[in-house]
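Computed from heavy atoms alone, side chains included, the values below leave out hydrogens, waters and symmetry copies.
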Amino acid sequence: MKDNKRGGRSGGIDLTKALAICAVLFIHCTANHYACHDVGTPRWLAADFYGSVSRWAVPVFMLCSGALMNRPDRELPLKKLFGRYLLRLAASLTVWAAFYEVLRLWLSRGTAPLGDLFRQAGLHLLYGNNYYHLYYFWFVFALYFALPLTRLLARHASETELRYILAVWFLAGGVLPFIRYFWPFSQMGSSLLYLLLPGTALCPGLGLLGWYLYQHPPKRWYPAALTFLLGFGVTFLGTWRRSAAVGALDQFYLDGLGLFVLVMAVGLFRFCQWAGERWEMPGIVRFVSSASFCIYLVHPFFQALAKPAFFLTLPVYFAVPAQALLLLVLSGAAYCVLKRIPVVNRWLI
């Protein structure tokens with residue numbers, strides 16, 4: 001792949017990760033606006049637009065991780081996989097889960113006796129009921145645990161075999177979970193459930209797909225753009241239609257690993273591949289890409305403190321990008337500080 005590189009970095013991957021973390025911020029800044037406005041009003045539609053157009057963020061991160069980690073020329077013995085990558089993930093999850101339990105305690109102060117709050121925090125840590133955004137760790141764990149298998153496929157499977165494996169995965173993990181809610185598949189009951197892949201099982205497939213796409217860069221930009229627009233159009237209109245039917249937000253089409261969200265993710269990934277081959281990414285893109293994991297981890301802290309209720313009083317079309325930009329700046333500044341701390345920069349961000 002003739003991806004534009006600088007200092008060993010892939011311009012296409014940098015652009016993809018930078019856009020993906022911005023999309024995460026848009027998702028989290030949009031979430032509370034849905035409930036503040038009646039379905040179908042201009043402000044609700046603005047929230048639906050922002051929430052739909054950015055929904056692809058998590059599967060795109062899986063595509064990026066898989067594109068890099070499944071490279072056959074990259075040495076990844078089990079000792080390195082468990083002693084470096086998985087151990088780092090476990091350490092990072094443990095520390096950040098504890099950090100956000102402290103934040104929850106502080107935000108909940110006065111709502112219950114302090115002893116009860118501490119007991120609840122302990123139960124959260126014990127049972128893995130961590131702060132809302134930390135679910136992403138379990139997807140990364142799933143992708144990494146499966147790397148020995150997916151790397152074998154990347155190294156030894158033929159082109160035809162890879163396409164077949166990816167087609168079966170996409171059918172079981174993307175298509176069937178979507179169409180089972182529509183007739184006649186909705187009448188199949190539990191019999192269809194045996195063919196479905198759960199969300200965590202999707203992640204290794206997304207990783208393998210990311211590597212496959214990375215090896216086959218697009219020649220033109222518009223198929224990727226049309227793919228993205230198809231996924232966005234169905235997600236936006238489908239959410240509007242189902243929500244209007246029940247008078248409140250229906251998140252069926254907003255599932256982070258839903259069929260048309262995956263379609264958007266593939267379209268965005270392919271477009272960034274095309275762009276990465278032709279343009280050198282500016283420094284801000286490389287910086288945001290490098291900081292993306294840290295931004296993902298720390299932005300809820302700033303969101304909880306930076307007067308979140310104030311943004312709900314503003315017009316949605318302005319409030320969401322303004323709040324997202326504020327979180328990006330604050331989280332980027334936090335990254336600049338944290339990356340200078342030796343243990344933190346190696347194990348936690």
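The aromatic ring centroids of Phe236 and Tyr253 lie 6.0 Å or more from each other. Taking the six-membered ring for Trp and the full ring otherwise, His28 and His299 have centroids separated by under 6.0 Å. Ring centroid separation for the pair Phe228 and Phe271 does not come in under the 6.0 Å cut-off. Residues Phe61 and Phe139 keep their aromatic ring centres 6.0 Å or farther apart. With ring centers used as reference points, Tyr214 lies 6.0 Å or more from Trp211. For Phe232 and Phe49, the gap between ring centers is short of 6.0 Å. Ring pair Tyr50/His33: centre-to-centre distance not below 6.0 Å. For Phe260 and Phe178, the distance between ring centers is under 6.0 angstrom. The distance between the ring centers of Tyr131 and Phe99 does not fall below 6.0 angstrom. The ring of Phe141 has its center closer than 6.0 angstrom to the ring center of Trp138.
Put simply, the side chain of Arg104 never gets that close to the backbone of Leu117: no donor and acceptor are under 3.5 Å apart. Judged purely by atom type and a 3.5 angstrom limit, Arg155 uses its side chain to pair as donor or acceptor with the backbone of Pro72. Counting only distance, with no hydrogens or angles, the side chain of Arg55 and the backbone of Gly51 share a donor-acceptor pair below 3.5 Å. Of the possible donor and acceptor atoms, none in the side chain of Ser289 sits under 3.5 Å from a partner among the backbone N and O of Val285. Within the 3.5 Å criterion, the main-chain N or O of His124 finds no donor-acceptor partner in the side chain of Glu101. For the pair Arg270 (side chain) and Leu213 (backbone), a donor-acceptor distance under 3.5 Å is present. Distance alone, capped at 3.5 Å, is enough to place a donor-acceptor pair between the Ser92 side chain and the Leu348 backbone. A donor-acceptor pair under 3.5 Å is formed between the side chain of Ser158 and the backbone N or O of Glu161. Proximity of a side-chain donor or acceptor of Asn345 to a complementary backbone N or O of Lys339 within less than 3.5 Å is detected. Side-chain N or O atoms of Tyr296 include one that pairs as donor or acceptor with a backbone N or O of His133 at under 3.5 Å.
Contact of the Asn130 side chain with the Tyr100 side chain is not registered, since no non-hydrogen atoms from C-beta on lie closer than 4.5 Å. The closest side-chain heavy-atom distance from Arg163 to Tyr212 is below 4.5 Å. Looking at heavy atoms from C-beta onward, Leu305 lies in side-chain contact with Trp106 at the 4.5 angstrom threshold. Side-chain contact between Pro308 and Asn32: absent, with no pair of heavy atoms (C-beta onward) separated by less than 4.5 Å. Between Leu254 and Leu249, the closest side-chain pair of non-hydrogen atoms falls below 4.5 Å. The closest side-chain heavy-atom distance from Pro177 to Leu259 is not below 4.5 Å. Between Phe82 and Tyr144, every side-chain heavy-atom pair lies at or beyond the 4.5 Å cut-off.
Within 6.0 Å of NZ on Lys80 lie more than 12 heavy atoms contributed by other residues, nucleotides or ligands. Around atom OH of Tyr127, no more than 12 heavy atoms belonging to other residues, nucleotides or ligands sit under 6.0 Å away.
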(Q) For a side chain to side chain contact (heavy atoms under 4.5 Å, CB included) check, start with the C-alpha distance between Leu123 and Arg119, then their side-chain angles and the critical distance, and finish with the verdict. (A) CA-CA 6 Å; Leu123 291 176; Arg119 178 177 177 276; 3.8 Å; yes
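Legend: residues meeting side-chain hydrogen bond (donor to acceptor under 3.5 Å, both in side chains) with Asn70, ordered by chain and number and at least two apart, are Thr150.
Connection of Val261 to Tyr132 is established within a shared hydrophobic cluster, with ILVMFWY side chains joined at heavy-atom distances below 4.5 Å, either directly or through further cluster members. Using a 4.5 Å cut-off between side-chain heavy atoms of Ile, Leu, Val, Met, Phe, Trp and Tyr, with links allowed through other members, Ile284 and Met281 fall into the same hydrophobic cluster. There is no path of hydrophobic side-chain contacts, each under 4.5 Å, that joins Leu68 to Leu149. Under a hydrophobic-cluster definition in which Ile, Leu, Val, Met, Phe, Trp and Tyr are linked whenever side-chain heavy atoms come within less than 4.5 Å, directly or via other members, Val329 and Ile27 are assigned to different clusters.
Looking at every heavy atom in both residues, Arg151 comes nearest to Met69 through NH1-O, 2.9 Å. When every heavy atom of Ala67 is checked against every heavy atom of Gly210, the shortest pair comes out as CB-O, 3.5 Å.
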